Amino acid sequence: MDHRQTNPLIAQRIQKLEEFRRLGIPPYPNDFRPSHTAAEIHRAHDDKTAEALQEMEGAFRVAGRIMALRSFGKAAFVKLQDRSGQIQVLVQKNAVGPDAYAWFRKLDVGDFLGATGPLIRTRTGELTVEAREVRLLAKSLRPLPEKWHGLTDKETRYRQRYVDLIMNPAVRETFLRRSRIIRLVREFLSSRGFVEMETPMMQPIPGGATARPFVTHHNALDMILYLRVAPELYLKRLVVGGFERVFEINRNFRNEGLSNQHNPEFTMVEFYQAYATYEDLMGLTEELFVHVAEVLNGTTRLVYRGEEIDLTPPWPRLTVREAVMRHAGLTEAEVDDPETLAAYARKLGLDVDGMPHGKVLAEVFEEVAEPHLVQPTFITQYPVEVSPLSRRNEQDPRYVDRFELYIARREIANAFSELNDPIDQLERFRQQAAQRAQGDEEAHRIDEDFVRALEYGMPPTAGEGIGIDRMVMLFTDSPSIRDVILFPHMRPES
RNA sequence: GGGCCGUUAGCUCAGCUGGCAGAGCAUCUGACUUUUAAUCAGAGGGUCCCAGGUUCGAAUCCUGGACGGCUCACCA
């Protein structure tokens, strides 16, 4: 059954719409051009007295959604909301004429209205457009949520984000900040000689991260394609091709569980710089976050979920082993001894049976150290077993030249000096393939073409990926990734 | 996937021990030319998430399911 016919509130509004048509008032015209936004008017005239406003010449054309409607017998106050904010309009029968006032009285909260007239200051001192002419710009058929409590139901807020954006200015602000952050990242990288590229979202071999992919099918070619879990292997092909500084800001897709920090599709900025090491990228990352923080907030301090976070560099750098020693209270010898560390891991309740030492170390790190990493911290020197694409450390080949950036107990970025030895790369792929054969669904597949690219020669390079959604969460004090993704993944309704 | 919690009018929410389905805002009718959640008088509006069960009687108790939130696990 069509909801439109059963819901009396919608039926009433459809009746009004038909009445407007009968009166010769088009309910959806498109010939009204506002001259100013609400914010522009406030900015220019908020400080003017009633007398000063009276002396001003010319009319202001404003347009927006009616968010409040206080109607008297022959006059009404309206709050119009546009992209910049809100402005009050006073509509009086004497000023707009009896015919216009008659249809105006039938308008609902939620309708779009255009108003033209001079600025006045009301008895209570509010800057107001005194309408000489009003236009219906778009009829709304559904009632907005209640004016005082607004829309709070999270399910409705996510499913009908448009209503959330209408009703909740803070939500609107979050997504404006998201847009600004992405622009700042783009400008920052561009200004340092990085070029933005687009690489395949649909890949025959999903690579660049250890995650389960979404699978799709190309009909004409009758082949399986995977939505990418990372752009890494394609961006490195571009470095082989001579784009020595390259980046991409785009979606990745991972077929994993959902949580406050995980959405199946999420946005990542990934960048590669030739003739640089992961240590260079630590400096670059500090600069990037400082740049974003200072332009956005004017300070490198921020508060996330009640905790103050100071982004002022330099940020501490700790190896994975050092972090485990510090937070588990183990000695270097104990951390390095596979038996002792595995026993410690089991005591924590971790299932580490059959795991190589490096993987156990990574597990223990996440368990004992991650919860302490509130202030920005670079964790370096990951075990080679969990880093199939990273360059080995020259002093200790059990570890790789890699870092992860932690802020507020969360992994925000992952970077490493790239493995550009094609023979080592092929060997690592083979090890991953062996793990895969043993049932590790997230282990890497062999990408022969990528190895071929490396065989042509890739300059020494460092690369990094930063989770944009988590970065936005940090800068908008958002507790859930759903609060920074406009249309988070949901099961279908009904 | 596990645990806990939730789903009642367009929205925000009450509804006790099982006994006629409630409020505020919104809507409709009337009054009102300076309001700020305008005010005053009146009226209408329900698949109590769905399906079973218990009962003389279920929004309420029981079972199963759907959807959501929080959280744990996995992952970034």
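Proteins get letters first, then strands, A, B, ... in listed order; numbering begins at 1 in each. Note that the coordinates shown come from a computational prediction; the quantities given were computed from them, not determined experimentally.
Per the geometry, CG belonging to Leu258(A) stands 14 Å off C1' belonging to U71(B), to the nearest Å. Here U34(B) presents its P atom at 12 Å from CD1 of Ile120(A), a figure rounded to the nearest Å. For the pair Asn7(A) CG and G44(B) P, the computed distance is 18 Å after rounding to whole Å. Atom CZ in Arg254(A) sits about 6 Å away from atom P in A76(B), given to the nearest Å. In this entry the distance linking CG of Leu151(A) with P of G68(B) reads 16 Å, nearest Å. For Ile481(A) and A76(B), the CD1 to P distance is 13 Å, given to the nearest whole Å. Taking atom CD1 of Ile66(A) as the reference point, atom P of A26(B) lies 14 Å away to the nearest angstrom. In this structure, Leu350(A) atom CG and A73(B) atom C1' are separated by 12 Å, rounded to whole Å.
Residue Gly465(A) is out of contact with every strand shown, counting any heavy-atom pair closer than 4.0 Å. If you check every strand for non-hydrogen atoms under 4.0 Å, Tyr158(A) touches sugar and phosphate atoms only. Nucleic acid contact class of Glu146(A) (heavy atoms, under 4.0 Å, all strands): base. Residue contacts for Gln92(A): at a heavy-atom cut-off of 4.0 Å it reaches a base atom on one of the strands shown. Among the heavy atoms of the strands, none lies under 4.0 Å from Leu144(A). Residue Asn260(A) is in sugar-phosphate contact alone, with no base atom involved, counting any heavy-atom pair closer than 4.0 Å across all strands shown. Residue contacts for Arg410(A): at a heavy-atom cut-off of 4.0 Å it reaches no nucleic acid atom on any strand shown. Within 4.0 Å (heavy atoms only), Arg409(A) reaches no atom of the nucleic acid at all. At a threshold of 4.0 angstrom between heavy atoms, the contacts of Arg482(A) are confined to the sugar-phosphate backbone, with no base atom among them. As judged by a 4.0 angstrom heavy-atom cut-off over every strand, Lys79(A) is placed among the base-contacting residues. If you check every strand for non-hydrogen atoms under 4.0 Å, Met268(A) touches nothing. Here Thr210(A) lies in heavy-atom contact (under 4.0 Å) with sugar-phosphate atoms only. Among the protein residues, Asp351(A) comes within range of no part of the nucleic acid, since none of its heavy atoms lies under 4.0 Å from any strand. Contact annotation for Ile468(A): no contact, since no heavy-atom pair falls under 4.0 Å across all strands.
Stacking of Arg445(A) on the aromatic ring of Tyr226(A) is recorded, both the 6.0 Å distance cut-off and the 45° axial limit being met. Under the 6.0 Å distance and 45° angle rule, Arg402(A) does not count as a cation-pi partner of Tyr278(A). Remark: Arg178(A) is not positioned above the aromatic ring of Phe175(A), lacking an NZ or CZ atom under 6.0 angstrom from the ring centre and at most 45 degrees off the axis.
Annotation: C70(B) and A59(B) have their P atoms spaced 31 Å apart (nearest Å). Across A31(B) and A21(B), the matching P atoms stand 36 Å from one another, rounded to whole Å. For the C1' atoms, the distance from C25(B) to A9(B) is 12 Å, rounded to whole Å. U12(B) and U33(B) are spaced 35 Å apart, taking the P atom of each and rounding to whole Å. When the P atom is used for both G6(B) and C16(B), the distance is 13 Å, rounded to whole Å. Straight-line distance between the P atoms of U17(B) and U7(B): roughly 16 Å, to the nearest whole Å. Between C61(B) and G69(B), the two C1' atoms lie 25 Å apart (nearest whole Å). The gap from the C1' atom of G44(B) to that of G2(B) amounts to 47 Å, rounded to the nearest Å.
Around NZ of Lys93(A), the count of heavy atoms belonging to other residues, nucleotides or ligands within 6.0 Å does not exceed 12.
A salt bridge does not link Glu307(A) to Arg305(A): none of the charged side-chain nitrogens sits closer than 4.0 Å to a carboxylate oxygen. A salt bridge links Glu232(A) with Lys236(A): at least one charged nitrogen is closer than 4.0 Å to a carboxylate oxygen. At a threshold of 4.0 Å, the pair Arg21(A)-Glu19(A) does not count as salt-bridged, since none of the basic side-chain nitrogens sits closer than that to a carboxylate oxygen.
For Lys147(A), the side-chain atoms get nearest to A38(B) when compared with the rest of G68(B), A38(B), C74(B). In this structure, the nucleotide among U27(B), A73(B), G68(B) sitting nearest to the side chain of Glu155(A) is G68(B). Distance from the side chain of Thr152(A) is smallest for C13(B) among the nucleotides C13(B), U33(B), A76(B). Listed nucleotides U35(B), G45(B), G69(B) differ in distance to Gln88(A); the shortest reach to its side chain belongs to U35(B). Taking every side-chain heavy atom of Lys16(A) into account, U27(B) is the closest of U27(B), A26(B), C74(B). Residue Arg491(A) has its side chain nearest to C67(B) when only C67(B), C32(B), C11(B) are considered.
Nucleotide A14(B) forms no Watson-Crick or G-U wobble pair with any nucleotide shown, as no partner meets the under 3.5 Å limit on both distances.
Between atom CG of residue Leu288(A) and atom CG of residue Leu281(A) there is a gap of 11.0 Å, rounded to the nearest 0.5 Å.
Across the interface with RNA chain B, nearest-nucleotide mapping of Lys154(A) and Asn94(A) shows Asn94(A) to be the residue nearer the 5′ end. Nearest-nucleotide mapping onto RNA chain B: of Ser480(A) and His149(A), the residue sitting toward the 5' end is His149(A).
Ring stacking is absent between Phe77(A) and A38(B), as the pair misses the limits of under 5.5 Å between centres and under 30 degrees between planes.
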